[in-house]
Protein chains: 2
Amino acid sequence: MKQIRPTESELEILGILWERGPSTVREIHDILSQTKDAGYTTTLKLMQIMHEKELVARDTSSKTHVYTAAISQQKTQQQLLDKMIDTVFGGSASQLVMQALGHHQSSEEELQKIRQYLTAIEKQQKDNR
Amino acid sequence: MKQIRPTESELEILGILWERGPSTVREIHDILSQTKDAGYTTTLKLMQIMHEKELVARDTSSKTHVYTAAISQQKTQQQLLDKMIDTVFGGSASQLVMQALGHHQSSEEELQKIRQYLTAIEKQQKDNR
DNA sequence: ACTGTTGTACGAATGTCTTCGTAAACAAAT
DNA sequence: ATTTGTTTACGAAGACATTCGTACAACAGT
């Protein structure tokens, strides 16, 4: 399996790309600079490097290049989660789940969805027995 | 709030310390070398640096020093989770929860615990209304 | 055509992590 | 006492990440 290892800054940018879809450096930078403080060329350079690493694809047909994420949010999430469960939560996924539910308050809807998910998983386990 | 930022390697060591309790460099190294491949002095150096950063405390009363984790597993978990939810999961904790439950198969017991947890949270929300 | 603005490319400085070689302290065994 | 093995301390090299200055190209408005 191909190992994906985006750095901290790269993840921030990917996060924005996943949320917004195709974006220019300027757009990314404007969002980034709301929470951190870095020059425009810094963001540009980062995205150029991400392009080299093929974390993003870019359309250079117009003067202002347009970037899109080249790795899926799902796969990246799974990979990072797995590593985190392993090193930080001693291998217990449910430990992580409870910790996550504990502090980040979720809406009633979301909790309901999770509950349904749980039921589905339990049913599946029963069927496999 | 004090920001904790252990690196990848530091997290591996912390993970072992959390699981085993107080340990010597030798003990840590033996465990580490099962999964990765690094010299003894590398592990030693890492732990010395972690000591400088006050990620671990050490008892130097005997020749062979004994290290213990100086930051709690709970707090560290929470901090890393929060950041991850933020950057990788677009702020949705339940998104993370479902992803985690989906791939890491948990035991029936664990699922049951999570369900209880859910119920408790929902009840709490109701009471706060 | 000129000027100002916005963009990309590139290289270099700086910072941080990781790795390991070497030296010195110490203890146990011979 | 000398050797052998285990340990800590330290420094430095190599890799990687982050930051930004500078140069140059493209374009818009005058």
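Model, not experiment: these values are computed from the prediction. Proteins come first, then strands; the chains are lettered A, B, ... in the order of their sequence lines, and each starts at number 1.
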Please state how far atom [atom1] in [X] lies from atom [atom2] in [N], giving the value in whole angstrom units.
| X | N | atom1 | atom2 | result |
| --- | --- | --- | --- | --- |
| A:M50 | C:dA9 | CE | P | 16 Å |
| B:D37 | C:dT18 | CG | C1' | 13 Å |
| A:D30 | C:dG7 | CG | C1' | 14 Å |
| B:M47 | D:dC10 | CE | C1' | 18 Å |
| B:E52 | D:dC10 | CD | C1' | 11 Å |
| A:L14 | D:dA17 | CG | P | 14 Å |
| B:E8 | D:dC16 | CD | P | 15 Å |
| A:L46 | C:dT8 | CG | P | 14 Å |

For D:dT18, take OP1 and OP2 only and decide whether either is under 4.0 Å from a side-chain N or O of A:T42.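 For D:dT18, OP1/OP2 do not have a side-chain N/O of A:T42 under 4.0 Å.
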
[atom2] on [Y] to [atom1] on [X], rounded to 0.5 Å:
| X | Y | atom1 | atom2 | value |
| --- | --- | --- | --- | --- |
| B:Q116 | B:L111 | CD | CG | 11.5 Å |
| A:M47 | A:H51 | CE | NE2 | 10.5 Å |
| A:L81 | B:M84 | CG | CE | 4.0 Å |

CD/B:E122: more than 12 non-hydrogen atoms of other groups inside 6.0 Å: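 Check passes, neighbour count above 12.
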
With sugar-phosphate meaning primed atoms plus P, OP1 and OP2, does B:S9 contact a base, only sugar-phosphate, or nothing at under 4.0 Å between heavy atoms?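 Result for B:S9 = sugar-phosphate.
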
Between A:K53 and A:E10, is there a side-chain N and carboxylate O pair less than 4.0 Å apart?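 Salt bridge present between A:K53 and A:E10.
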
Minimum-distance pair of heavy atoms, taken over all atoms of A:H29 and A:A38: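 Shortest heavy-atom separation between A:H29 and A:A38 comes out as CE1-O, 2.9 Å.
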
5'-most contact on DNA chain D: A:R5 or A:A38, nearest heavy atom basis?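 Of the two residues, A:R5 wins.
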
For a quick check, tell me whether the side chain of A:K45 and the base of D:dG21 share a donor-acceptor pair closer than 3.5 Å.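 In this structure, the two groups form no donor-acceptor pair.
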
Mind listing the N/O atom pairs, protein and nucleotides 3-8 of chain D, below 3.5 Å?
from, atom 1, to, atom 2, distance (Å)
D:dT6, O2, B:K63, NZ, 2.7
D:dT7, OP2, B:R26, NE, 2.7
D:dT7, OP2, B:R26, NH2, 2.8
D:dT8, OP1, B:H65, N, 3.1
D:dT8, OP2, B:Y40, OH, 2.8

Can you list everything that forms a side chain to side chain donor-acceptor pair (under 3.5 Å) with A:K123? Sequence neighbours excluded, please.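 A:K123: side chain to side chain donor-acceptor pair (under 3.5 Å) contacts with A:D127.
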
